[in-house]
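Structure, as structure tokens:
Worth saying up front: this structure is predicted, and the values here are computed from it rather than measured. Sequence positions, counted from 1, serve as the residue numbers for this chain.
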Amino acid sequence: MTHPRSVHRRTVLAAAAITAAAPLAFAQQQPPIRIGSTLALTGPLSATAQVHKLVGDIYVEELNRRGGLLGRRVEWVLKDDQSKPDLARTLYEQLITSDKVDLLMGPYATGAILSAMGVAQRYNKVLVHHTLGVPSLAKYDMQFPAWSLGSDPGTTTTNTVFEALAKGPKPPKTVAVVTSKFPSIHFMSMGARETVKKRGLQEVLFLEWEFGNRDFGPIASRIKDARPDFVWVGAIGLDGNLLLDAMKKIDYAPPQHFYLYPAPGPLVTLPEAQGALSVTIFEEHPPFSDRPKAAEFIKAYRERAAKANFPDTSVEVQAAASFTAWQILEAAVNATKGLDDKQIADWLKKNRVETIQGSLRFDGPSNYGDDLMRIKQVQNGKWQVVYPPEFSAPGAKMLAR
């Protein structure tokens, strides 16, 4: 004979289980919230865009495990823009008109983001994006950046780079600036040239190449002949790898070298990249990894990146910027308790969002906030922040040949 207390206990546990499952069941009964975006899954930018795809997959899956948004399951409608801004424009038009997505997430890289922004503006849609490199081009008041490089990175970020070098073991006197003509890359490289002048350094070489260039032999030769103390490389995607390979073939290794927006995994695992510098908003070491949700994300990303055979499975600037973009969108939807784009935009302009890269605001020029860019360096096959000191990896200092 079953004791009455046992029956009562089972009844309470069953009721609790039903209550716990209710939000998920409700989410399954309602139509999903559809978030549309493109990424450069093929083409010259694909090596980095694959990082953003993996992060989006992780975030949406985890979000749905928590009950989705507004009690509804989230569906990510993702299309391949093939690294072509014109195609991105067409695909965002399709996402809004044909696919009828509820919300938008930005694509990878400045050209595609500007294309998507034009479409978002035409339909009065909020666009959260993670990798726009020229803030002054963001004229639309319902766009919000997840990459915290401030509203004038051509001045502030480039100054941080050369400030770090000036305080490093071998402050340079001569500089070579070589750069892609990709919009955001070229913009930042021109800023670097101005910073070089202001700091009284000597520019001994300036070279440009077309986006998508794969022949870096002549560029490597010119750098070697110029004999700079420091090489600024306006790199995007695999540019840095290709240039380092070309340098290796002519037995040249730059004394100090910097790569702006490289494909992080392929570069950090290249032996010739030892000592290479870059910029970052997040790396997977303290103090960054101590922030809320950072540890869980690092664990999930490492596991998934290993299964995807990524050359580097660590969370760095690209993955963090992408994760931040999803955090911004989720926070705004939850705060406004709806999908109204105007209400979401108004809330973001008036409130900070806590993210794995810090507390972000969107009330500055072009909806940008603070410049949170730090300087990192490849040391023994890992990215380590080396400047400013308070953000450096434990025990890490800048190295120079």
Side-chain angles (χ1 to χ4, degrees), residues 47-48 51 55 131 147-149 153 156-172 188 192 229-233 235-236 238-241 243-244 253-291 293-295 297-299 301-302 305-306 310-324 355-358 371-401:
T48 306
V51 171
V55 173
T131 44
W147 190 298
S148 301
L149 72 173
T156 57
T157 299
T158 59
N159 190 62
T160 300
V161 173
F162 285 94
E163 184 178 89
L165 288 165
K167 295 180 179 179
K170 291 185 178 181
M188 291 291 286
D229 298 330
F230 171 70
V231 184
W232 168 289
V233 184
I236 188 168
L238 295 174
D239 289 349
N241 290 65
L243 179 57
L244 283 167
Q256 297 186 83
H257 48 150
F258 169 89
Y259 302 84
L260 187 55
Y261 300 138
L267 187 69
V268 76
T269 55
L270 195 68
E272 294 75 32
Q274 172 70 4
L277 298 165
S278 190
V279 288
T280 188
I281 52 173
F282 182 98
E283 299 298 323
E284 62 167 51
H285 59 68
F288 305 96
S289 58
D290 296 332
R291 292 170 181 161
K293 298 189 177 180
F297 173 50
I298 290 169
K299 181 176 183 296
Y301 183 88
R302 276 190 164 278
F310 279 18
D312 178 42
T313 61
S314 61
V315 172
E316 43 59 63
V317 59
Q318 295 286 344
S322 197
F323 191 86
T324 297
T355 74
I356 60 169
Q357 60 172 296
D371 183 345
L372 302 182
M373 297 285 260
R374 321 300 181 193
I375 309 303
K376 64 180 178 180
Q377 186 173 45
V378 177
Q379 296 187 358
N380 301 318
K382 293 182 179 181
W383 285 115
Q384 302 271 42
V385 174
V386 293
Y387 188 83
E390 62 268 28
F391 293 96
S392 296
K397 293 183 179 181
M398 186 184 295
L399 306 176
R401 286 191 176 92

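- Within the model, atoms NZ of K382 and OG1 of T269 stand 14.0 Å from one another, a figure rounded to the nearest 0.5 Å.
- Here Q384 contributes atom CD and M398 contributes atom CE; the two are 13.0 Å apart, rounded to the nearest 0.5 Å.
- When atom types are taken as modelled, the side chain of Q256 and the backbone of R401 share no donor-acceptor pair closer than 3.5 angstrom.
- Screening residues 310-321 for side chain to side chain donor-acceptor pair (under 3.5 Å), with sequence neighbours left out, gives H52-Q318, R302-T313, D312-S314.
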Exercise answer: donor-acceptor pairs, residues 270-281 side-chain atoms, under 3.5 Å, sequence neighbours excluded:
from: E272; atom 1: OE2; to: K248; atom 2: NZ; distance (Å): 3.3
from: Q274; atom 1: OE1; to: N380; atom 2: N; distance (Å): 2.9
from: S278; atom 1: OG; to: Y259; atom 2: O; distance (Å): 2.7
from: S278; atom 1: OG; to: L260; atom 2: O; distance (Å): 3.2
from: T280; atom 1: OG1; to: F282; atom 2: N; distance (Å): 3.1
from: T280; atom 1: OG1; to: F282; atom 2: O; distance (Å): 2.9
from: T280; atom 1: OG1; to: E283; atom 2: OE2; distance (Å): 2.5

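- In this pair, F258 and F230 present their aromatic rings tilted. The plane angle is within the 30 to 60° band.
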*Can S289 and I298 be said to form a side-chain contact (heavy atoms from CB on, under 4.5 Å), step by step?*
CA-CA 8 Å; S289 58; I298 290 169; 3.9 Å; yes
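- Judged by distance alone, the side chain of N159 and the main-chain N or O of T156 form no donor-acceptor pair under 3.5 Å.
- Taking CG from L149 and CE from M188, the interatomic distance works out to 6.5 Å, rounded to the nearest 0.5 Å.
- One finds the CD atom of Q377 at 10.5 Å from the OG atom of S392 (value rounded to the nearest 0.5 Å).
- Under 3.5 Å, the side chains of T324 and Q357 contain a donor-acceptor pair of N or O atoms.
- Looking only at distances, no side-chain donor or acceptor of R291 sits under 3.5 Å from a matching main-chain atom of T355.
- Here the straight-line distance linking atom OG of S322 with atom CZ of F297 works out to 7.5 Å at 0.5 Å rounding.
- The distance from atom CD1 of I236 to atom OG1 of T48, rounded to the nearest 0.5 Å, is 7.0 Å.
- Remark: the S148 side chain and the D371 side chain contain no N/O donor-acceptor pair separated by less than 3.5 Å.
- Sorted by first and then second residue, the ring pair (Phe, Tyr, Trp, His ring centres under 6.0 Å) pairs involving residues 380-401 (not counting sequence neighbours) are F288-F391.
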